[in-house]
K.L.:
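Handing you this structure, nothing more for now.
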Amino acid sequence: MIKSQIRVYTLLSFLKMLSVLVGAMLVAVQTRLKYTYGKPLGEDYQAHPIGLYLVMALSVVVANFIILILVRVGLKLTVALRQLLILWLATATTTGLAWLFIPALSQLQLAYFAGAAVLFAPCVTVIPALWKGSDGQPISFHLAKLWSYRVLLLIWLRYNILARYSQATLGILWIILLPLATSGVLAFVFSEFLRIGVTTSDVPFVTFFLAALVPWTLFQQSITKGSTSIFNQIGLIIQVYFPREILVLITLGEALVDVFFMFLAMLLINAISGVWPNWFYLYLPLLILIQAVFMLGLMLFLGSLSVLVRDIPQLVGVVMQLLFYMSPILYPASFIPERYRFILAINPLVPLFQAYRDVIVYAKTPDFSTLYFPLVVSIIVLFMGYVYFKSKEDGFADRL
Amino acid sequence: MTSPIEPIIVAEHVSKRYAQNESRTSLRHEFNDIAKRFLKQSIARKPVEPFWALRDVSFTVPAGQTVGIVGRNGSGKSTLFRTLCGITHPTEGYVSVRGRFSTLIALGAGFNQERSGRENIYLSAAIQGVPPREIEHAIHDIIEFAELGQFIDLPVKRYSSGMYARLGFSIAVHLKPDILFVDEILAVGDAAFQDKCIERILEMKASGLTMLIVTHQTAQVMRLCDRAIWLHKGRMMMDGDTKTVMEKYHQMIYETEILPTLNTPSEATPATTPESTAEAGPEIQSAPVRLSTPDAP
């Protein structure tokens, strides 16, 4: 059991390092495209050729080995410092190898890449290690503990879902009926009474609307239930010890299952209006993952804050109402006048909804350069939410 | 197994503080506070009166020992248990518990009301950190010990409170713990089942289990414990062999509680604390028995 944990840990740390390098490269590409100093970019300019990613993976492996040998020889380092050195070494190796073997790559971009990677490295290695929970243990300790409780998470989630759907006779049907009714009424009102009509008249309004409503429902349900998930379980928290974030994870899992049924209902409605599933649905897991990371961060933050300030769930309800109308769900983003566009720019959900629409309605690849913002925001929110949750966790049993 | 001399539970200078005003958790209170501070800056904020539920408690328990913790209501017994179980962390000091522990504090905490007793065995075990494959072989014993028979496949919401507690007890003692925390619940079900529980606990004790027991029933402490710790208002008054500690403890109760009432016999206030009146279930007849009803989430 311990061995398998170590293997998972190694794999995760490898993926972490690789994702730092990939992230730095994405930043470098964007910077290079925005600030085109020096040699102008040609027609056939390749921003990130596939070979580059292989070079990165290779560099991380090589850097791991070099540091491992140094540690064997007798270099004394903490885990965080070791990972930082590996990352910096891998950055240097990648830059060198790419400069030698991928001449198509702009050297300016490589410089941007190296700069970004060197700066990002401490953010994922040293800073999380410096942070300690309310019991003085580092973040990795808490994550290992959560991992050891994974069985509980699965059992609990399964029983909760089974209990929910076996209770009502119409169980699943209710979940499908609600979006059917909502979208039916809204589509009718907006296409017959208000007559705004979506600019792209070749897609039915229902399809256009549902493609954003389904992810929105996922967001709204998770956040609303997540903010009460901790203090709904007072009885348990003061009596038994288990990693408290499991409560939040269960809430997220339940919301995902609920919305899955809603997604099926959406497929049905789309089929009726003549829009069929397409191969680009393969991008959906990626979009859901970004959204789930974002939601999890918010849920951890709001869930622990609600224990200290009991009005938070009511506040969340109000904010959700406002956010529904402020986000381009009922209308396309192009309806918003130029001077109010900044509202869209600061809402990380907007590019996500746009991407969902690209995939479900227009059957095309989502625009990845716009997804970079939600991705970064999600990861930061998750990290900060988790840190906040862990620092308040000790107080849950005392405050409730 | 760890050697019996090596301590399995260590508590060093453990203190736990609760701030008195921590229950105020509404935005209204916050705004009030802020407004007051802005309006009347001269009036300083009322100093918060801290309440020490535990104060400088230190002890170690070697593996295989059974320790009884006694004390009046509010002496910090439950807080000590929560600290040892990891539910809260001590404000000061250090706690270490080696090995797998199981708690007989809240029987049936975390049961899913809609699911069957059998499924709740897996769930309850998982909450205490035991994966399903490790409990698989004990399922039959658990059901038999709880005397549930065919009811095991009914949803637990249909169980009587006695069945509920019996199942909870049965799960906790079958998890093969190294340490067992027992808080005032050796009073589950009817007299016959209670005897069975005590038998079972004595059996586990004989097989080298370490136990910490909180109870108000002197007879149980005398029967089960090798050693007793006496807490009073969060401080440790005495730590020693059961007989001596219990004698001193009863002497103190007699001197501070019973003597004054004897001198002024105007009111017939019972000396035993009437804490358990509201909680007694319908099937329990004898007066001092307390059935812990788990809070259904």
Side-chain angles (χ1 to χ4, degrees), chain A residues 1 133-137 145-146 148-168 229-244 246-247 250 305-315 390-400, chain B residues 16-19 22-31 53 78-79 81-91 94-95 97 101-103 105-116 119-120 122-134 155 157 183 292-297:
Chain A
M1 200 169 108
S134 51
D135 55 351
Q137 301 283 2
K145 195 144 212 178
L146 182 63
S148 73
Y149 271 85
R150 64 195 181 281
V151 182
L152 170 63
L153 180 67
L154 292 179
I155 293 182
W156 207 335
L157 188 60
R158 198 170 98 219
Y159 289 171
N160 273 11
I161 289 166
L162 287 175
R164 196 123 63 99
Y165 290 116
S166 61
Q167 244 175 326
S229 57
I230 300 296
F231 70 70
N232 276 351
Q233 294 285 356
I234 306 168
L236 204 52
I237 281 178
I238 60 172
Q239 283 166 339
V240 194
Y241 171 76
F242 56 91
R244 311 301 190 203
I246 284 183
L247 293 172
I250 287 170
L305 191 65
S306 306
V307 177
L308 311 178
V309 185
R310 290 291 167 86
D311 321 43
I312 291 295
Q314 280 91 329
L315 198 66
K390 275 293 163 190
S391 68
K392 295 292 172 197
E393 186 186 35
D394 181 26
F396 291 166
D398 301 345
R399 293 253 185 175
L400 287 167
Chain B
K16 179 74 191 176
R17 184 185 60 207
Y18 289 104
E22 273 189 2
S23 56
R24 302 184 318 153
T25 53
S26 152
L27 272 183
R28 194 163 60 94
H29 293 301
E30 295 295 323
F31 283 131
S78 296
T79 309
F81 263 43
R82 281 187 191 165
T83 316
L84 291 175
C85 298
I87 296 169
T88 64
H89 299 294
T91 317
Y94 161 81
V95 166
V97 175
F101 60 83
S102 176
T103 53
I105 293 178
L107 295 178
F111 277 7
N112 187 325
Q113 300 294 319
E114 304 293 332
R115 306 309 296 174
S116 72
E119 285 172 320
N120 273 304
Y122 293 113
L123 180 59
S124 186
I127 287 182
Q128 308 215 23
V130 180
R133 64 189 142 78
E134 283 180 47
K157 66 178 171 187
D183 190 355
S292 90
T293 42
D295 308 18

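Letters A, B, ... are given to chains in the order of the sequence lines, protein chains preceding strands, and every chain is numbered from 1.
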K.L.:
Which bit of A/Arg158 is near chain B, if near means a heavy-atom gap under 4.5 Å: side chain, backbone, both or neither?
P.N.:
neither

K.L.:
Taking all heavy atoms of A/Ala163 and all of B/Glu114, pick out the closest pair and write down the distance.
P.N.:
CB-CB, 3.5 Å

K.L.:
Show the nearest heavy-atom pair for residues B/Glu119 and A/Tyr159, with the distance to one decimal.
P.N.:
O-CE1, 3.1 Å

K.L.:
What are the two closest heavy atoms between B/Ile127 and A/Tyr149, and how far apart are they?
P.N.:
O-CE2, 3.7 Å

K.L.:
Counting heavy-atom pairs under 4.5 Å to chain A, which of B/Val130, B/Ile87, B/Thr88 comes out on top?
P.N.:
B/Ile87

